[in-house]
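By convention in this document, chain letters (A, B, ...) are assigned in the order of the sequence lines, proteins followed by strands, and residues within each chain are numbered from 1. Since the structure is predicted, the reported quantities are computational estimates derived from the model, not experimental observations.
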Amino acid sequence: MNSVILEGITKTYDDGNVMAVDNVSLQVKPGELFGLIGPDGAGKTSIFRILTTLLLADKGTASVQGLDVVKDYRKIRNMIGYMPGKFSLYQDLTVKENLTFFATLFGTTIAENYEVIKDIYDQIKPFNDRRAGKLSGGMKQKLALCCALIHKPEVLFLDEPTTGVDVVSRREFWDILNQLKAQGITIMVSTPYMDEAILCERIALMQEGSIMQVDTPQQIIRSYPVRLYAAKADNIYKLVQDFRMLDAVSSCYAFGEYLHLTMKADKPGDIDALREYGISHGHQGLEVKEIEPGIEDTFIRLMNRKAQTNG
Amino acid sequence: MAEQVIICKDLTKRFGDFMAVNKISFEVNRGEIFGFLGANGAGKTTAMRILCGLSYPTSGAATVAGFDVYKQQESIKRNIGYMSQKFSLYENLTVLENIEFYGGVYGLSRKTIRSRSDELINQLGLQQEARKLVGELPLGWKQKLAFSVAIFHQPQIVFLDEPTGGVDPVTRRQFWDMIYAAAASGITVFVTTHYMDEAEYCNRVTIMVDGKIEALDAPQALKARFQANNMEEVFYQLARGAKRSSD
């Protein structure tokens, strides 16, 4: 049995004028670390709110641990943990008070489920008597995660836990998620950072309410249908403009210190043609190489294809 | 030597016994894209507020567009633009009304506003949307419009505070095309971001840790110095030891 099932879920706002989630179906397996990857407006939060029984879908069905999100909402609420994107703890309660409050709501105590939160709680315990509102961003995030875990949930929903968080804290947070996964908790997490996709077991790439692709990150990368090239030169800004003028180039966009390019015809000699073209346009320090695509390359490709299909 | 439009010397801001910004010194050249990075709580926002004329330093010196951060805050505000992920335009005004409003705030004449807004609408390809409410535009468009409005009065410097947060990867790149175009027209760009690939697009980058500037150089030079493949590794090596963290 799958932990989470969505079947043709559709959600609109504003009397049907805004399409937030467009006929989405997906399954999350028990114990899986599943990622919803997409920018703001992709529909990630609406999906979380439907699954956590806080929002009713217009169409479709959804279940968590085999329970229907509409009929069995009370049961679901007892077996899931939810960390919303916006910090939602009591700012004027202390760390300890917040944790005790959430434990009590679920009819348990901090002591009873201590082993679930121990690794995370140890990091904020020195601030037990500090008010939540006075904590730093990274510590607030850890406290929120403890509160979402204190009743030992079977499924954990984390809505953009790393948004606006620096690289160091983001890495720490993903280490924590892997520890939780090792305890057998099913985790559904969303992020706008494409580089975090690779840290999930399976991901759904989402854009404007629909799913563009669902698979393991490795398989998504393997399914990239054409060769991808990286290029750079001393004047990278001019290099973008020159390559975009070349008719054989299908796409050309900046990616860190390099440009990434795909070709319309996609044939073995392309790399030499790109080099020659760069040299003939007077570029110094030119480098062109074939590279393995990343999740973000796939995302861009799928987005462009979708834009073309929509006319 | 290139003309310097921001000069900081031992700039410090103390809240009680907390050194939010601890003796930072740097210069930014005209037309440069200057990346201002740091861990959460490193003091970026505090430093930026001083440079925008919104907060006084405790000690040290700084000039922005030639104006002193202690004595000439109002002149600074007139010569800079500012945009952040959170700051947004008035959702219940149209695209044109927003442009007119901000043009008016910066004291541009009606005639200038009219001719420049026509030009801007054409550049952005927003002819169809010019009379629509900003609230109806997709996020990516809002951010591009917000940036255009922030430089509508042709400031010497524009401050961008995480301008691309939550934006899709295609729009994020279009946004950087606009940043490059602004820099090429002589506007200095001072930008913060959590996307480390964007750090590579800057001419020079500073990385702040615990109130101090720990590194300042071109991305290429930083990668060489830290023997790192990309800016994320450079950042990680520098910020890993940070003592404090906050929003």
For this session: Taking only Lys NZ, Arg NE, NH1 and NH2, and the carboxylate oxygens of Asp or Glu, determine whether A:D40 and B:K142 approach each other closer than 4.0 Å.
Result: no
Exercise. Measuring heavy-atom distances to chain A, does B:P169 have an atom under 4.5 Å in its side chain, in its backbone, in both, or in neither?
Worked result: both
Exercise. Under a 4.5 Å heavy-atom cut-off, does chain A meet the side chain of B:M196, its backbone, both or neither?
Worked result: side chain
Problem set entry | B:T171 side chain reached by B:W141 side chain, heavy atoms, under 4.5 Å | no
For this session: Indicate yes or no: does A:K289 engage A:E287 in a salt bridge with an N to O separation below 4.0 Å.
Result: yes
For this session: Could you check if a side-chain atom of A:Y121 sits within less than 4.5 angstrom of a side-chain atom of A:N128, using non-hydrogen atoms only?
Result: yes
Problem set entry | chain B contact via A:K232 - which portion, at a heavy-atom distance below 4.5 Å | side chain
For this session: Answer with side chain, backbone, both or neither: which region of B:D168 has an atom nearer than 4.5 Å to a non-hydrogen atom of chain A?
Result: both
For this session: Heavy-atom distances under 4.5 Å only: say whether B:A183 touches chain A with side chain, backbone, both or neither.
Result: neither
For this session: Take B:F34 and B:F190, measure what ring pair (Phe, Tyr, Trp, His ring centres under 6.0 Å) needs, and give me the verdict at the end.
Result: CA-CA 5 Å; B:F34 190 83; B:F190 189 99; 5.6 Å; yes
Problem set entry | Residues A:R244, B:D177: salt bridge by 4.0 Å N-O rule | yes
For this session: Tell me, for A:F255 versus chain B, whether the close heavy atoms (under 4.5 Å) come from the side chain, the backbone, both or neither.
Result: both
Problem set entry | Region of B:Q220 in contact with chain A, defined by heavy-atom distances below 4.5 Å | side chain
Exercise. By a 4.5 Å heavy-atom criterion (distance strictly below it), what part of A:N17 contacts chain B: side chain, backbone, both, or neither?
Worked result: neither
For this session: Please look at A:V18 and chain B and tell me whether the side chain, the backbone, both or neither of the residue comes under 4.5 angstrom of a heavy atom of that chain.
Result: neither
Problem set entry | Short N-O contact, B:K223 and B:E232, less than 4.0 angstrom | no
Exercise. By a 4.5 Å heavy-atom criterion (distance strictly below it), what part of A:Q207 contacts chain B: side chain, backbone, both, or neither?
Worked result: side chain
Problem set entry | Intermediate values then yes/no, salt bridge (Lys or Arg N to Asp or Glu O under 4.0 Å), B:D217 and B:R204 | CA-CA 5 Å; B:D217 216 328; B:R204 286 189 306 149; over 6 Å; no
For this session: Pick whichever of A:V240, A:T163, A:V167 has the most heavy-atom pairs under 4.5 Å with chain B.
Result: A:V167
